[in-house]
**Student:** 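Structure provided below as structure tokens; questions to follow.
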2 protein chains.
Amino acid sequence: MKKIKTETSEQSEVVELLAEKPTRTLGRKRDHTRDAKILEAAIDILADAGFDGMTMDMVAAKAKAGKATVYRRWSSKAELVQEALTWMNRSHLEMEHLPDTGTLRDDLLALLKPQSIEEGEKKLRVIMGLGSFLQQVELSEEGGIGIFDSWDTLNRELINRSVGRGDFPAHADVDLACQVIVSMAAFRGLVLHKAFDRHFYATLIDGILLPALKNPQIASNNKD
Amino acid sequence: MKKIKTETSEQSEVVELLAEKPTRTLGRKRDHTRDAKILEAAIDILADAGFDGMTMDMVAAKAKAGKATVYRRWSSKAELVQEALTWMNRSHLEMEHLPDTGTLRDDLLALLKPQSIEEGEKKLRVIMGLGSFLQQVELSEEGGIGIFDSWDTLNRELINRSVGRGDFPAHADVDLACQVIVSMAAFRGLVLHKAFDRHFYATLIDGILLPALKNPQIASNNKD
DNA sequence: TAAATACGGAACTGTAAAGTTCCGAAACTA
DNA sequence: TAGTTTCGGAACTTTACAGTTCCGTATTTA
């Protein structure tokens, strides 16, 4: 950025002004394993300090990097956060070994591994702390979800499979059901500060999700 | 905050240290109509700039007050915001004239007045922008925010009345149903950045709430 | 082996905003 | 009417942090 450099010491370069030869093959190579360390540090700090509570010094320190190293990769805090969020949402979807217990209820519960709960709560804290950042920078496309896509996709897959088996009417509103799961998890974590644990999830499934999916009425189309 | 003040200029006061006589009857009286103006200004700015985007100068300017006037009432930005949030949630619960259309569906929808939608969205934007503030200061008691209490109470009233009429089984999980409403509204506003409008609410009621309440099964106890 | 670029670390600059203090004017009380 | 507290407004101080620059060292290519 802004590499105009009005130096007068080297006049010999004037001739090459229009050459535009970056000649990138020189010097020490950039260590791209540092990228992940820095992004990870950024996510950690975002999770428990929020966007405005996070300083570039914190990130650099946590990643054991110099600030110059950070700014060599991302030209601003906003850019770093933007990419950190993308990195956080890189999904390791393992569609191959989906749970298959025979009932939707147990499939959904099987997806709730302790590790995924912990990770999900961390993501929630990150989003929660984004606050004013979201008002400055329009977060990626689609209004900024993407963060729940991974879980949401798996849930949708399980429910669709169950509907396909004939467990529920074909007109069941799968989208809305998926929204309920994610919304309840988020609200419970962010606002109520309670864990989205197995017991609560079972109550939600039995008391809300399954009855809603079983509903013989055709609910109006919801698509947002 | 940090009002220790180790001044040495006035030794005469030392004698009265334990007197504690504010003698408040002197001088111009504080104009308490300014309080509301300032709190309202704070809420407005919180709504479209967030906690960290809001400056005390903005608040003072918007309320046409001096900063000294603000700090005479609240000793810090955090304190001001704290009270502004409380003030925002002062509920004008009009339990007397609850809607009574005869069906729960229409009662719930009737509660969603255009004015309350607009107000609700403003509140959501405020919460959205709270971001890091929530991580610093544990907001109000009970872990929750209380911002949804007003609406939640009315919803619970309507649903209970409907259950009392015999529209739904007596074992219907009213608490959980209320949680669904509030959670979906919050998530939709905070994360999806979409309006919680009449159409979506109708879809939610028809597709989720009513089927869940109608559920003949006894769901496990959920009480948190 | 020399030039170029990377690294972690630290010092530095510039700016924005929290919080304080002072001003002249207004309002209240003894 | 004199002393006290309020008001809006503005100037001021202090602090924190984004972003830049420089250092000594390590790594890579020509």
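All chains are named by letter (A, B, ...) in the order of the sequence lines, taking the proteins before the strands, and each is independently numbered beginning at 1.
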**Student:** Give a yes or no on whether the backbone of B:H32 and the side-chain of B:R73 come within a donor-acceptor separation of less than 3.5 Å.
**Tutor:** no

**Student:** So, A:R156 and A:D175, do they make that salt bridge, N to O below 4.0 Å?
**Tutor:**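 A:D175 and A:R156: salt-bridged.
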
**Student:** Rounded to the Å, how far apart are B:D35 CG and D:dT6 P?
**Tutor:** 12 Å

**Student:** Base of C:dG9, side chain of A:K67 - is there a donor-acceptor contact under 3.5 Å?
**Tutor:** no

**Student:** I need the CH2-C1' distance between B:W74 and C:dA18, as an integer number of Å.
**Tutor:** 16 Å

**Student:** Taking NZ from B:K37 and C1' from D:dT6, how many angstroms apart are they, rounded to a whole number?
**Tutor:**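 Result: 18 Å.
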
**Student:** Reckon A:R28 has a side-chain N or O less than 4.0 Å from the OP1 or OP2 of D:dT25?
**Tutor:**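 Looking at the OP1 and OP2 atoms of D:dT25, neither is under 4.0 Å from any side-chain N or O of A:R28.
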
**Student:** Quick one: is B:K29 getting a side-chain N or O under 4.0 Å of the C:dA26 phosphate, OP1 or OP2?
**Tutor:** no

**Student:** Ignoring backbone atoms, test whether A:T55 places a side-chain nitrogen or oxygen under 4.0 Å from the OP1 or OP2 oxygen of D:dC17.
**Tutor:**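 The answer is no; no side-chain N or O of A:T55 sits under 4.0 Å from OP1 or OP2.
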
**Student:** Between C:dA18, D:dG19, C:dC7, which nucleotide has the shortest distance from any of its atoms to the side chain of A:Y71?
**Tutor:** D:dG19

**Student:** More 5' along DNA chain D: B:K64 or A:R72, using each one's nearest nucleotide?
**Tutor:** B:K64

**Student:** What's B:M54 touching, base or sugar-phosphate or nothing? Going by heavy atoms closer than 4.0 Å.
**Tutor:**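 Sugar-phosphate contact only - B:M54 comes under 4.0 Å of backbone atoms but never of a base.
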
**Student:** Given D:dA18, C:dT29, D:dT29, which nucleotide is nearest the side-chain atoms of B:L26?
**Tutor:** C:dT29

**Student:** Tell me: CD of A:E79 to C1' of D:dA18, nearest whole Å?
**Tutor:**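 From A:E79 CD to D:dA18 C1': 14 Å.
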
**Student:** Between B:R105 (side chain only) and B:D206 (backbone N and O only), is there a donor and an acceptor less than 3.5 Å apart?
**Tutor:** no

**Student:** Looking only at the side chain of B:K77 (C-beta and beyond, no hydrogens), which of the listed nucleotides D:dA18, C:dA18, D:dC22 gets closest?
**Tutor:** C:dA18

**Student:** How many whole angstroms separate atom NE2 of B:H32 from atom P of C:dC28?
**Tutor:**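 The answer, rounded to whole Å, is 13 Å.
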
**Student:** Quick one: on DNA chain C, does A:D57 or A:A65 contact a more 5' nucleotide (nearest heavy atom)?
**Tutor:** A:A65

**Student:** For the pair made of CZ in A:R73 and P in C:dC7, what is the distance, rounded to whole Å?
**Tutor:**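 For the pair A:R73 CZ and C:dC7 P, the rounded distance is 4 Å.
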
**Student:** With a 4.0 Å cutoff (strictly under), does any side-chain N or O of A:R30 reach OP1 or OP2 of C:dA6?
**Tutor:** yes

**Student:** Remember a base hit wins even if backbone is also touched, and classify A:A68 as base, sugar-phosphate or nothing at under 4.0 Å, heavy atoms.
**Tutor:**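 Counting heavy atoms under 4.0 Å across all strands, the contact made by A:A68 includes a base.
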
**Student:** Between B:A42 and B:M54, what is the shortest heavy-atom contact and its length?
**Tutor:** O-SD, 4.0 Å

**Student:** Can you tell me the distance, in whole Å, between the CE atom of A:M58 and the P atom of C:dG9?
**Tutor:**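 In whole Å, C:dG9 P and A:M58 CE are 17 Å from each other.
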
**Student:** Could you tell me whether the side chain of A:K77 and the main chain of A:F51 form a donor-acceptor pair under 3.5 Å?
**Tutor:**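 A pair under 3.5 Å: yes.
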
**Student:** How long is the line joining CZ of B:F51 and C1' of C:dA17, in whole Å?
**Tutor:** 12 Å

